[in-house]
Amino acid sequence: MTQPNVNKKQNNNKVVNKSIHSNKGKFELKKKPTQQPNNDKINNIKTPMEIPKEIILQKESLPVFSAKDALLKNFKEHPTVIIISETGTGKTTQIPQYLYENGYKDKGIIAITQPRRVAAVSISKRVSQEMGYELGEEVGYCVRFDDKTNEKTKLKYMTDGMLVREAMLDSSLSKYSVIILDEAHERTLNTDVLFGLLKSIQKRREKKHPISGVYNPLKIIIMSATLDAELFSQYFNNAPVLYIEGRQFPVHIYYTEETQKDYVDAALITVLQIHIAHLTDKSIDKEEQEDGGDILVFLTGRDEIENLEKLLLDRIPRLPKGAKDLIVCPIFSALPQEQQMKVFEKAPKGSRKVILATNIAETSLTINGIRYVVDSGAVKSKIFNPKIGIDSLNIIPISKASAKQRTGRAGREFEGKCYRLYTQNTFEKLDSSSIPEIKRSNIANVILQLKTIGINDILGFDFLESPPVASVMKSLELLYCLEAISEDGSLTELGKKMALFPLDPMYSKTLIKSIEFECSEEVLIIISILSVESIFFTPKEKKKEVEDVKKIFFSPEGDHITFLNVFREFQKSKSQQQQWCFDHFINLKSMVKVVNVFEQLIKYCFSLKLPIVSCGSDFDRVKKSFIGGFFLNTAILQPDKKYKTMVDNKEIQIHPTSFLFEQKPQHILYNELTITTKAFARNIIPIEGSWLAEICPKYYGTRPQQQQKSTPNQTSIDSFTN
DNA sequence: GAGCACTGC
């Protein structure tokens with residue numbers, strides 16, 4: 001076994017005591033003496049249920065508690081406050097309670113946004129317990145498919161996307177007195193939209209209402225983990241920045257001495273070295289030796305994870321005498337739930353887990369017992385190219401912020417070690433933070449939402465950081481093509497309807513078109529399936545079996561009708577759904593989500609009085625509906641069996657996972673085009689060329705064939721990127 | 001004949 005050249009470096013992370021300081025010098029808070037629980041105070045809290053003393057003691061031992069007075073003082077004096085804090089300060093659970101206890105609930109609801117559903121749900125549960133209320137009463141949550149709030153709810157944990165949706169119904173968000181944007185450093189698409197919205201709403205609500213004379217100001221609190229403080233503060237008119245130090249155990253960081261050509265191989269060696277280190281290195285302390293501590297490896301995708309899994313399983317039987325058992329647990333989003341659960345099971349005594357994860361383990365889920373992190377330094381990222389209007393999926397270096405986040409996963413319960421599979425010099429050159437989503441995504445949907453809220457001038461909108469102009473222009477163009485906006489950029493009646501659906505504009509257009517073609521039931525089902533990640537899961541070793549099973553559902557009418565068959569069969573399986581999914585390599589969790597989306601879309605249709613009608617087996621109607629939304633995504637077969645797009649004559653191929661990969665129909669419509677090694681079209685419908693002019697005379701009024709002037713010697717990728 | 005990271009409404 002070769003030795004990776006690792007360089008020991010002391011990390012800056014320290015276990016820090018509770019303290020708070022301001023970078024603006026607006027106030028100074030001296031470190032308080034250790035807090036003794038104040039019994040008078042305990043007796044004064046009025047809640048319907050008895051709060052156990054342990055909870056009160058626990059709350060008061062959190063780092064954020066010593067900052068309480070300073071926080072409240074700042075909330076009182078400033079319309080916006082930025083709070084910078086590491087994990088483990090208790091800010092997300094405690095600060096809303098401080099606001100609640102200090103009068104802010106009397107002026108309106110206190111909202112706390114989260115980027116993820118699970119976080120909103122679990123944190124609100126915790127807070128309702130701490131306050132002695134039933135969940136869904138004073139404290140509740142609101143996420144898609146699940147609203148646990150009532151008229152009494154004053155502390156409302158919600159996803160950022162949910163709050164954007166509420167702004168579409170009430171553009172002043174007038175029922176909220178305080179809005180806290182938590183995890184702001186993640187810069188999700190929706191959080192970035194909220195920055196702009198809240199800033200303008202706050203300004204509007206500074207003044208008394210011109211008619212009613214009501215004064216209803218909005219307080220904004222931004223909570224972030226990394227040091228984007230200056231950016232946030234400047235944007236919010238020099239809002240004060242407060243720092244709360246967290247409680248992390250120290251993590252020692254090691255870098256490689258040389259750049260690693262193959263980080264999967266480097267990860268293999270590093271994992272094995274960590275695992276057997278105690279056999280040779282007597283300096284490893286007793287605690288570390290005894291409880292072992294699990295290893296978490298960050299890779300970029302399923303392929304790498306399965307490769308490393310295989311390599312490890314090959315090596316494990318040949319571990320030296322005295323080595324413990326090593327249990328390999330892969331985890332990535334597409335892995336079925338049952339198999340995901342394996343990473344949370346405690347390793348049996350005398351053995352150790354090694355978890356091979358994607359970015360899912362960076363923020364989305366927390367695994368206990370990690371002492372070692374192995375960081376590849378890479379991540380897979382989707383980037384929208386506005387010039388050509390297509391996504392590509394690339395492996396790119398992570399940012400410093402991301403590296404720090406990964407490292408921190410080793411210091412949650414005890415002192416840890418982080419092995420970065422890159423040099424310190426490489427680390428120094430990384431970007432300080434990742435490119436925010438709004439700068440690298442297709443924002444057609446965001447623009448439709450903003451226009452619904454009443455923001456017409458998108459290029460002039462006060463974003464924290466603006467999306468690329470080309471991206472805005474591309475989206476406006478698309479919305480105009482779909483007839484969601486008119487020539488002057490204002491929302492059409494159709495556009496207003498489209499915005500109501502929680503779907504991308506091309507899908508909502510398809511859905512509305514399906515009313516006209518009397519096949520809304522089928523289109524609703526298909527769209528629901530397309531809006532979840534793949535419903536099939538193919539275990540690596542069962543490829544052939546899966547191919548055979550998939551044939552049961554196959555329809556020559558295309559992927560969409562094939563999906564429809566899957567759904568119909570799933571419905572028939574009724575009480576044996578779990579077994580049926582298992583037998584047919586279908587991901588049950590995905591199917592449950594499909595059903596949820598389907599039911600939600602039906603509700604929206606009812607509210608708009610759109611009839612749900614089935615077309616029986618007349619699937620041409622379904623295909624024509626999709627042309628209504630996806631007429632820009634069509635291609636024609638070439639003599640060389642590849643395709644050229646009809647709109648701009650670029651070479652593309654049907655993705656091999658498509659059911660039509662071998663059929664090669666003359667004209668196709670696709671839902672997605674992704675560039676990886678080639679430009680691949682996914683989710684394919686065979687269509688008749690003549691339908692295009694029939695359904696979209698504006699674009700295909702002239703014969704489609706005329707647009708197909710072939711340009712010889714064009715290679716697929718080049719023609720897209722040039 | 002290729003492999004889709006993650007999240008949200």
Side-chain angles (χ1 to χ4, degrees), chain A residues 113-120 142-147 158-169 183 186-194 298-307 331-335 357-365 376 378-383 391-396 398 402 434 436-438 440-441 445-446 448-449 452 498-505 507-508 527-528 531-534 536-538 540 543 547 590 593 596-597 600-601 603-604 641-642 653-658 660-662 664 672-683:
Chain A
T113 70
Q114 293 293 322
R116 283 166 294 278
R117 295 162 47 90
V118 272
C142 182
V143 298
R144 187 180 186 184
F145 311 129
D146 199 2
D147 180 359
M158 62 204 300
T159 44
D160 47 13
M162 214 63 203
L163 191 58
V164 173
R165 253 178 194 265
E166 284 195 16
M168 290 166 65
L169 303 172
E183 312 282 9
E186 286 192 30
R187 300 291 303 279
T188 67
L189 205 50
N190 285 319
T191 300
D192 264 25
V193 169
L194 287 172
F298 282 102
L299 296 167
T300 69
R302 179 176 171 181
D303 248 22
E304 286 175 10
I305 287 173
E306 288 179 343
N307 282 343
I331 185 158
F332 45 92
S333 170
L335 192 74
T358 59
N359 245 15
I360 194 170
E362 197 178 298
T363 47
S364 306
L365 49 90
S376 64
V379 67
K380 208 175 274 191
S381 174
K382 202 174 196 174
I383 296 167
D391 286 318
S392 59
L393 201 60
N394 307 329
I395 293 175
I396 58 166
I398 58 171
S402 192
S434 315
E437 247 185 303
I438 198 155
R440 56 179 173 86
S441 308
N445 201 20
V446 169
L448 193 61
Q449 286 177 329
T452 306
M498 284 166 61
L500 265 177
F501 289 96
L503 296 170
D504 268 343
Y507 289 102
S508 44
I527 288 178
S528 304
S531 68
V532 309
E533 58 286 12
S534 175
F536 289 102
F537 180 78
T538 310
K540 214 183 177 186
K543 251 157 82 178
E547 291 305 312
S590 300
K593 195 174 167 200
N596 279 331
V597 174
Q600 188 187 34
L601 293 179
K603 269 189 211 157
Y604 280 114
K641 298 288 167 200
K642 289 177 181 161
Q653 268 175 247
I654 296 183
H655 196 275
T657 51
S658 168
L660 289 184
F661 180 69
E662 282 162 12
K664 306 272 189 280
E672 255 186 80
L673 194 60
T674 319
I675 301 182
T676 49
T677 54
K678 296 190 184 85
F680 286 110
R682 310 171 75 96
N683 300 329

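Fair warning: this is a prediction, and the values are worked out from it, not measured in the lab. So that the names make sense, note that chain A is the first sequence line, chain B the second, and so on, each numbered from 1.
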Selection from [options] that lies nearest to any side-chain heavy atom of [X]:
X: A:Arg144; options: B:dT7, B:dC9, B:dG3; result: B:dC9
X: A:Thr677; options: B:dA2, B:dC4, B:dG8; result: B:dA2
X: A:Asn190; options: B:dT7, B:dC4, B:dG8; result: B:dG8
X: A:Lys543; options: B:dG3, B:dC9, B:dG1; result: B:dG3
X: A:Pro656; options: B:dT7, B:dG1, B:dG3; result: B:dG1
X: A:Arg302; options: B:dC4, B:dT7, B:dA5; result: B:dA5
X: A:Phe680; options: B:dA2, B:dC6, B:dC4; result: B:dA2
X: A:Lys380; options: B:dG8, B:dC4, B:dA2; result: B:dC4

Strictly below 4.0 Å: does [X] bring a side-chain N or O up to OP1 or OP2 of [N]?
X: A:Arg117; N: B:dC9; answer: yes
X: A:Thr159; N: B:dC9; answer: yes
X: A:Ser364; N: B:dT7; answer: yes
X: A:Ser381; N: B:dA5; answer: no
X: A:Lys382; N: B:dC6; answer: no
X: A:Thr657; N: B:dG1; answer: no

Just how far, in rounded Å, is [atom2] of [N] from [atom1] of [X]?
X: A:Tyr604; N: B:dC9; atom1: OH; atom2: P; result: 10 Å
X: A:Met168; N: B:dG8; atom1: CE; atom2: P; result: 18 Å
X: A:Asn394; N: B:dC6; atom1: CG; atom2: P; result: 16 Å
X: A:Phe332; N: B:dC4; atom1: CZ; atom2: P; result: 12 Å
X: A:Ile675; N: B:dG3; atom1: CD1; atom2: P; result: 12 Å
X: A:Glu533; N: B:dG3; atom1: CD; atom2: C1'; result: 17 Å
X: A:Glu183; N: B:dC6; atom1: CD; atom2: C1'; result: 15 Å
X: A:Ile438; N: B:dC6; atom1: CD1; atom2: P; result: 22 Å

| Starting at the 5' end of DNA chain B, which residue's closest nucleotide do you reach first, A:Phe501 or A:Glu547? | A:Glu547

| A:Thr300 or A:Cys142: which one's nearest nucleotide on DNA chain B is closer to the 5' end? | A:Thr300

| query | Can you find a donor-acceptor pair, distance only, under 3.5 Å between A:Lys678 side chain and B:dG1 base? | reply | no

| request: Look at the side chain of A:Glu186 against the base of B:dC6 and say whether a donor-acceptor pair falls under 3.5 Å; ignore hydrogens and angles. | output: no

| query | So, are A:Arg116 and A:Glu186 salt-bridged, with charged N and O less than 4.0 Å apart? | reply | yes

| note | Closest non-hydrogen atoms of A:Pro502 and A:Arg165, given as atom of the first, atom of the second and distance, are CA-NH2, 3.6 Å

| What closest approach, in Å, do A:Leu500 and A:Tyr604 show between heavy atoms, and which atom pair accounts for it? | O-CE2, 3.7 Å

Under 3.5 Å, is there a donor-acceptor pair between the side chain of [X] and the main chain of [Y]?
X: A:Thr452; Y: A:Leu448; result: yes
X: A:Lys664; Y: A:Phe661; result: yes
X: A:Ser531; Y: A:Ser528; result: yes
X: A:Arg117; Y: A:Arg144; result: yes

| query | With sugar-phosphate meaning primed atoms plus P, OP1 and OP2, does A:Glu672 contact a base, only sugar-phosphate, or nothing at under 4.0 Å between heavy atoms? | reply | base

| With sugar-phosphate meaning primed atoms plus P, OP1 and OP2, does A:Val143 contact a base, only sugar-phosphate, or nothing at under 4.0 Å between heavy atoms? | sugar-phosphate

